[in-house]
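As the structure is a computational prediction, the values presented were derived from the model and not from experiment.
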Amino acid sequence: MAKKKPSKTIHKKNEVVRGIDDYSLAARRALNVIYYAVQRNEFYRHNKFKIKMTTMRELMVLEKDNRYIEIIKKAIKDLQRPIELNNYYHPIHEVKYHWYSTVFLSEAGIMKEGNEWIVTVGVSPLILHLMQTKGNFTQLDLFKYTQKLRTRHAFKMYEYLRSFKAYRYIEITHDHLVKLLNVDENKQEYKYYSSMHRMLDRTINELKKKTDLDTLELVKSKHLGKERIYRIVIDPKANDIFK
């Protein structure tokens with residue numbers, strides 16, 4: 001019988017989970033590994049720390065072949081690109097921003113200590129603050145659900161919808177969905193609303209089968225003025241206060 005992997009839980013602030021980015025699937029997995037390292041070891045006062053390459057590979061669920069170092073390197077580089085936060089209250093500036101842009105990693109490197117390859121990452125002070133579990137956050141299990149997802153769309157949508165787990169449903173505009181999933185609506189495959197709806201429906205079905213969000217349902221999209229709205233049922237038994 002295969003040995004059951006222990007639970008590896010992380011907590012992400014909702015502002016981050018609902019943020020806008022263009023990270024690859026590998027980058028999203030790497031980000032969660034960094035979260036796990038910080039929160040497990042309470043690295044909140046250390047803006048630079050080390051993670052063993054073998055740990056990165058194992059927690060990112062990568063094959064042990066000649067490619068994994070390059071995959072990890074590219075994933076880390078992706079995390080030096082901006083993430084956009086909406087309606088964000090900055091704890092240092094003490095002001096609420098309608099839109100705010102920051103990065104997860106300010107620096108990164110790969111080095112060798114003896115016979116061991118090491119990944120060094122420098123996490124921005126703001127992100128370290130957000131990694132702490134005070135306030136509204138989303139709890140995620142790396143192995144049980146998150147790292148099993150095979151597409152970046154499913155990965156992003158799982159974390160996003162998980163942050164609304166107590167809600168009966170949410171409604172999301174087409175324009176916001178395009179940004180959230182980093183989908184260029186000018187591409188032929190997503191030129192029409194029907195194409196986006198089919199892609200979202202496939203993603204929802206994957207999440208129902210592979211995650212704890214097994215009551216998800218995509219309701220037929222509707223118009224609100226000129227805007228297309230998608231309604232996603234999260235928990236049909238949730239309290240009416242979340243309607």
Side-chain angles (χ1 to χ4, degrees), residues 12 14-32 60-63 71 74-75 78-79 81-87 99 138-238 242-243:
K12 282 187 178 180
N14 286 349
E15 297 97 318
V16 174
V17 173
R18 299 171 188 173
I20 306 297
D21 62 71
D22 62 350
Y23 300 148
S24 64
L25 176 62
R28 297 186 192 285
R29 288 180 172 177
L31 177 60
N32 282 356
M60 288 175 65
V61 197
L62 298 176
E63 297 292 333
I71 293 174
K74 187 177 185 304
D78 279 355
L79 296 178
R81 297 205 297 261
I83 177 172
E84 301 174 24
L85 307 178
N86 297 304
N87 298 317
W99 173 87
T138 299
Q139 180 174 306
L140 302 163
D141 189 304
L142 268 65
F143 280 123
K144 195 171 184 180
Y145 304 118
T146 310
Q147 305 294 57
K148 289 184 177 180
L149 298 173
R150 309 305 298 176
T151 68
R152 65 184 181 91
H153 291 158
F155 201 114
K156 179 64 177 182
M157 284 302 296
Y158 172 69
E159 295 195 352
Y160 182 80
L161 294 175
R162 190 69 171 70
S163 74
F164 293 101
K165 188 172 175 59
Y167 285 61
R168 177 174 292 184
Y169 65 80
I170 63 167
E171 292 186 335
I172 183 170
T173 67
H174 177 81
D175 287 349
H176 187 65
L177 186 63
V178 167
K179 294 177 182 177
L180 186 70
L181 298 182
N182 191 33
V183 176
D184 186 350
E185 62 180 343
N186 294 319
K187 290 182 179 179
Q188 189 65 31
E189 60 181 323
Y190 297 117
K191 184 177 180 180
Y192 302 104
Y193 289 118
S194 57
S195 300
M196 177 69 82
H197 192 281
R198 284 195 296 271
M199 183 274 286
L200 187 56
D201 191 47
R202 289 195 301 269
T203 300
I204 294 298
N205 285 331
E206 180 181 355
L207 298 184
K208 288 175 67 175
K209 293 177 182 178
K210 295 182 179 180
T211 76
D212 54 340
L213 297 179
D214 54 4
T215 58
L216 290 178
E217 182 183 355
L218 177 61
V219 179
K220 187 175 181 180
S221 57
K222 63 180 182 179
H223 280 95
L224 182 61
K226 294 183 178 180
E227 183 65 271
R228 177 74 65 142
I229 305 290
Y230 302 93
R231 176 180 290 190
I232 302 174
V233 176
I234 299 173
D235 182 357
K237 297 180 179 180
F242 295 112
K243 284 188 64 176

A quick test of your reading: do over 12 heavy atoms of other residues, nucleotides or ligands sit less than 6.0 Å from NZ of K179? no
Could you measure the distance from the [atom1] atom of [X] to the [atom2] atom of [Y]? Nearest 0.5 Å is fine.
{"X": "D214", "Y": "D235", "atom1": "CG", "atom2": "CG", "answer": "9.5 Å"}
{"X": "K12", "Y": "T146", "atom1": "NZ", "atom2": "OG1", "answer": "7.5 Å"}
{"X": "L180", "Y": "K156", "atom1": "CG", "atom2": "NZ", "answer": "5.0 Å"}
{"X": "K208", "Y": "T215", "atom1": "NZ", "atom2": "OG1", "answer": "8.5 Å"}
{"X": "L161", "Y": "R18", "atom1": "CG", "atom2": "CZ", "answer": "10.0 Å"}
{"X": "E159", "Y": "L140", "atom1": "CD", "atom2": "CG", "answer": "4.5 Å"}

Quick check: closest heavy atoms across [X] and [Y], and the distance to 0.1 Å?
{"X": "A26", "Y": "M60", "result": "O-CE, 3.3 Å"}
{"X": "M157", "Y": "L200", "result": "CE-CD1, 4.0 Å"}
{"X": "S163", "Y": "N14", "result": "CB-OD1, 3.7 Å"}
{"X": "A238", "Y": "A166", "result": "CB-O, 3.5 Å"}
{"X": "Y145", "Y": "T211", "result": "CD2-CA, 3.3 Å"}

May I have the step-by-step check of side-chain contact (heavy atoms from CB on, under 4.5 Å) for N86 and W99, ending in yes or no? CA-CA 5 Å; N86 297 304; W99 173 87; 3.9 Å; yes
Let me know which of [options] forms a side-chain contact (heavy atoms from CB on, under 4.5 Å) with [X].
{"X": "I229", "options": "L224, V219, L177", "value": "L224"}
{"X": "Y158", "options": "V17, L216, L207", "value": "L207"}
{"X": "L25", "options": "Q147, R152, H153", "value": "R152"}

Verify the distance criterion only: is there a donor paired with an acceptor across the side chains of D201 and Y230 at less than 3.5 Å? no
Should the pair [X]-[Y] be classified as a salt bridge under the 4.0 Å nitrogen-to-oxygen rule?
{"X": "E171", "Y": "K222", "value": "yes"}
{"X": "D78", "Y": "R81", "value": "yes"}
{"X": "K144", "Y": "D212", "value": "no"}

Does [X] reach the side chain of [Y], with side-chain heavy atoms less than 4.5 Å apart?
{"X": "L218", "Y": "T203", "value": "no"}
{"X": "R28", "Y": "L149", "value": "no"}
{"X": "K210", "Y": "R150", "value": "yes"}

Over 60° means perpendicular and under 30° means parallel, so classify the ring planes of H176 and Y160, tilted if in between. tilted
